[in-house]
Each structure stands twice: as C-alpha cells, then as structure tokens.
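Chain identifiers are assigned alphabetically (A, B, ...) following the order of the sequence lines, protein sequences preceding nucleic acid strands; residue numbering begins at 1 within each chain.
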Protein chains: 2
Amino acid sequence: MSLVETDDVESGESISLHQRILSDIREKILSGAWAPGHRIPFEHELTAEYKCSRMTVNKALSQLAKAGLIERRRRSGSFVRQPQSQAAVLELHDIRIEVEALGLPYRYERLKRMKRRSSAEDRSRLGLPAPGPVLWLEGLHFAGERPFALEQRLINLSAVAGAAEEEFFEIAPGPWLIGRVPWSEAEHRIRAVAADESIADALDIDPGAPCLVVERRTWSAEHPVTHVRFVYPAESHTLVARFTPSQG
Amino acid sequence: MSLVETDDVESGESISLHQRILSDIREKILSGAWAPGHRIPFEHELTAEYKCSRMTVNKALSQLAKAGLIERRRRSGSFVRQPQSQAAVLELHDIRIEVEALGLPYRYERLKRMKRRSSAEDRSRLGLPAPGPVLWLEGLHFAGERPFALEQRLINLSAVAGAAEEEFFEIAPGPWLIGRVPWSEAEHRIRAVAADESIADALDIDPGAPCLVVERRTWSAEHPVTHVRFVYPAESHTLVARFTPSQG
DNA sequence: ATGACGATTATGTATATACATATCGGGACG
DNA sequence: CGTCCCGATATGTATATACATAATCGTCAT
C-alpha cells in the first residue's frame, strides 16, 4: 500500500483531485485545526471550493470515513470523529491498567526527551517518506518500586499537533496519544532479546536476562503517527491476545 | 484484525451492489478458488455479469486494490496478489510458510507422541471440564539444518476424531488440524523465557539464552481443540501482527 | 532478427444527472 | 402540550459518458 502522501502544495504533482481534497482535510484534522466534533464543510460547499463535481468530493469524504477519521450523518453533515479508545490494542498495551490489575501502584517517569529533525533511522522506524520534525521519548513504567517496562518512543510531530508542547514528565505518551489521535492501523512486532547493558540498567535486571520486546507502529489514515518499543523483563509479563477468524 | 475492511453487514439484504461485488470477489480469493496470480474478470465482464455500470465495478475493484487483495495493471487486467506474508502471522502461525519465506528448506520432525487420558494439568491447559482422551505431541521445525522452533502440543481427541490414528511423523499437527477443524476462536499468550536445559538441547542453543514462547489455545464452536506451545530461539523470530480498529 | 511506432485495450479519474434514504425541524391536529 | 406527518436537506448509490494514461500487441521498416 502506498504511503505516498503529499502535504506539500508546491510543484504540479500529478495526484488526483479527490486525493488532494482528502489530504487537505486530513491535514486539518491531524493538525488540530479541526477538533473532534467539528463539522466538516458540506459536500456542496467543497464542490464550490474545489470547483469539481460532488462525486469527486464524495469519494474523498467516503475514504476518510472508512479510514475512521470522520463520521458522516445524513442530513447533518460530516464530523471529525472522537479518537477511538481501542479495545484490541488497549488489551495489549495499556500498561497502567496492566499494572493496576496486579494490585500494584503505577507510576511513569520520563528519562529522556528530545525534539529533532528525523534521522534516516527515525524515518525508517516510522515509515516516513520525507524528513520532518519528530519527538524522541524514553521513559520507565513502574509497578510499585520495581521497573515494569522500558519505553522508547518516536512521535511524528507533523501528524500529532500539540505533542511538541507536552513535557511527558509523568504522563505516559501512550494514553496521551490515544486520547488525541484516532488510529486506523497498527503493526506489532514481538520478539525476545537478551538485555544489553543499558536495558539491564534501566530495568534493574542482569545483563543477558531474557526480555520481551514489543514494537508498535501506528498509522492514522495512512499517516505514520508513532513508533514505540516496550521492553519487559521476562518474568514480569505475558501478552494475551484473543482472535476470532475473520469471516472472509 | 482484518485483511480487508470488514464493513459488510452480511445478513441484511440492503448491501450496496459494489459491496456485493467486492464481497463476492473477496470470497473467491480468500477461499482459494482464485489463487494468487489468477486474473480476475475485466471490468467490462463484471459489468455484464452484474448488469451494472463500469463505475460500480470499478469502485469494488479499487477498494480491493487498496486493501491489497488484488493488483491492477492497465491494459493487462486485475490479478490476485501474492498473500501478504505478515498479515495473519499471529492468526495462523504456519511455520512452514514462515520458513519458506526465508528461502530455507522446511522440515518437521516428530520427537514424542503419546496418547493418554487427560491429566489435571492437561485439562487446565486445554480448558477441558472433564477427563477424556488427549494426544501429546512434541516435535521440531527445521529451517535448513538448524532447529527453528520447538513445538509441544496437546490435542483434545474427543473434539478431533481422526487425530488418534495419525502418526504425525513428518506432518506437523498444525497444518493437519487447520485442514480438518475449523476454529472459531484462539487465544495467544506470548512471553520471553530463558532456555532451560531441555529447550537448549532441542534447539541447539545455550542454556539461559532468551527464547520467545507463544502458546495458543484454540476452540471450535466452544469446544477446546488444541493447546500448543512454540519455543523460538530469540534471533530466529519476530512475530508480526497488524490490527485495524473495529469501529463500533 | 530487431527496433520503432501506432492501434488497441483496460484501467484511472472526473463529469452531470438521477433517485434512494436517513433524519432534522416545523406545522397540523388531537 | 405532545404526537404524527411531511417537506427539506445531506449523504449514499448508481448511471451514462468522456477523456487521460499506461502497457501490450502487431505491423512495418530497417
């Protein structure tokens, strides 16, 4: 699938009109200019603005609706959706809930925070086609006094308005993002590793001890949003996921 | 999690025509009736078959293309795509396919096989309410000459009749079961462990080396079918799973 | 053979039009 | 005052049509 997205307006690129409309609106939503609940212009208004037929506008809006960014209601119009709080991934990765389910007090502590222009490695991790501003975060999730998980996160600042101003001192970026950015797709990579020096140090375990590493990339309407890596000490964690076959 | 957006409402008769076309074709592809590489009918042929305009057919095919199920080429037609390797890894977990995707020859070798009346531990692993016959299997999956994964499996014989007569000498029980028992639900537990003596021995790695352990329980119409534990050496494997939020 | 080139073909995008459908609001009526 | 119904309105789906674009095929000339 194509991550070809064009937020740049310059240079007569040969993207189709309905894609440009879609991309314009997505930009408004992801930048925060149109908040959740905001009513998007009616089809006939966009028709006038872009000087095209309703079918063309409709195509763009239908795709945004399918991507989950907007919600369409007959007779009322189209609205920016509330970000979905999600069961599927939540089940996997709301660490606070997992910790509290163990009956232990939860705490998040920021280790590092750096705003920078994306390096080549950043772009490859996020799946970004072009350079842009990103936010790098590192933090620790605690269960009681013990480190429960190490988090290393990269946020695509051009997709998440407002993240640049957030300090994330004691607020974990995961819940913060879920409350603000609707996600349309997520990819998980799960593997086991031996703890290296820095991981062992952060998690207070022995170097070489087995750890579970969960990496997640998240997209919103084909826009990369964030890449996060969780490192769990082996004893502390089991992931559970339930599936029902997709009736295809 | 889905390969294609499953926004179909099924039971209702009020599905739009382009959705019915889309769903018909998806059915043919996912059922295997149209193998990868197969050329699906031209738009003008589908136009005739469904007695509708080309735009309607085009809408269905465009969505299938965006979902990644088919690939469209001007002048040539539309073709069923090669299965996207990672989409259903967690769901199916067919090790042969994973190994062959690496370009390595695959082989399965049985280590142990025992038919017995379920012990208390067996019942707890399978989620069985009452004692009954079970089959215990242990085997090794090879990628080339190297062990790729250790498999320990419990099959509920009262749910899977023919399994008792199968030797599983070089046939892995996973694919065998999938071909015979439709599953309606699966639960995965994923964690990292340090290899103990017997695991290290079977996988030919050092004791204490990190391993990824994936356990799966499967049900068919509320009947426990099988419990399986895969143990992967850390370097050999990354699980990949893609999710799309279910929009309620 | 081989390479150039135009005709053919299937898809890609956009248009104008039409009617269906859900729903909000307001007016008629009990 | 509440309820039912009806018209207005935005979206949902489908049609016929048009032209653009990319790729393939056959033909013809070198």
Can you tell me the distance, in whole Å, between the [atom1] atom of [X] and the [atom2] atom of [N]?
| X | N | atom1 | atom2 | value |
| --- | --- | --- | --- | --- |
| A/F79 | C/dT23 | CZ | C1' | 12 Å |
| A/R54 | C/dC19 | CZ | P | 14 Å |
| B/I70 | C/dA10 | CD1 | C1' | 13 Å |
| B/L61 | C/dT13 | CG | P | 13 Å |
| A/N58 | C/dT17 | CG | P | 17 Å |
| B/L64 | C/dT11 | CG | P | 13 Å |
| B/E45 | C/dT9 | CD | P | 13 Å |
| B/Q63 | C/dT11 | CD | P | 16 Å |

[X] with [Y]: basic N within carboxylate O range, under 4.0 Å:
| X | Y | result |
| --- | --- | --- |
| B/E215 | B/R191 | yes |
| B/E43 | B/R72 | yes |
| B/E71 | B/R81 | no |

| task | Tell me which of B/R74 and A/M55 sits closer to the 5' end of DNA chain C, going by the nucleotide each one is nearest to. | result | B/R74
| field | Ring centers of A/H141, A/Y108 separated by less than 6.0 Å | value | yes
| message | Please classify the nucleic acid contact of A/S16 as base, sugar-phosphate, or nothing, using heavy-atom distances under 4.0 Å. | response | sugar-phosphate
| query | A/H44 or B/H18: which one's nearest nucleotide on DNA chain D is closer to the 5' end? | reply | A/H44
| note | Of the candidates C/dT11, D/dA10, D/dT13, the side chain of B/E43 sits closest to C/dT11
| field | Polar side chain donor-acceptor pair, A/Q63 to B/K66, under 3.5 angstrom | value | yes
Respond yes when some side-chain nitrogen or oxygen of [X] is under 4.0 Å from OP1 or OP2 of [N], and no when none is.
| X | N | value |
| --- | --- | --- |
| B/R72 | C/dG12 | yes |
| B/T56 | D/dT15 | yes |
| A/S62 | D/dT11 | no |
| B/S76 | D/dA22 | no |

| said: Is it the case that the base of C/dG25 and the side chain of A/R75 share a donor-acceptor contact (distance under 3.5 Å, atom types as modelled)? | reply: no
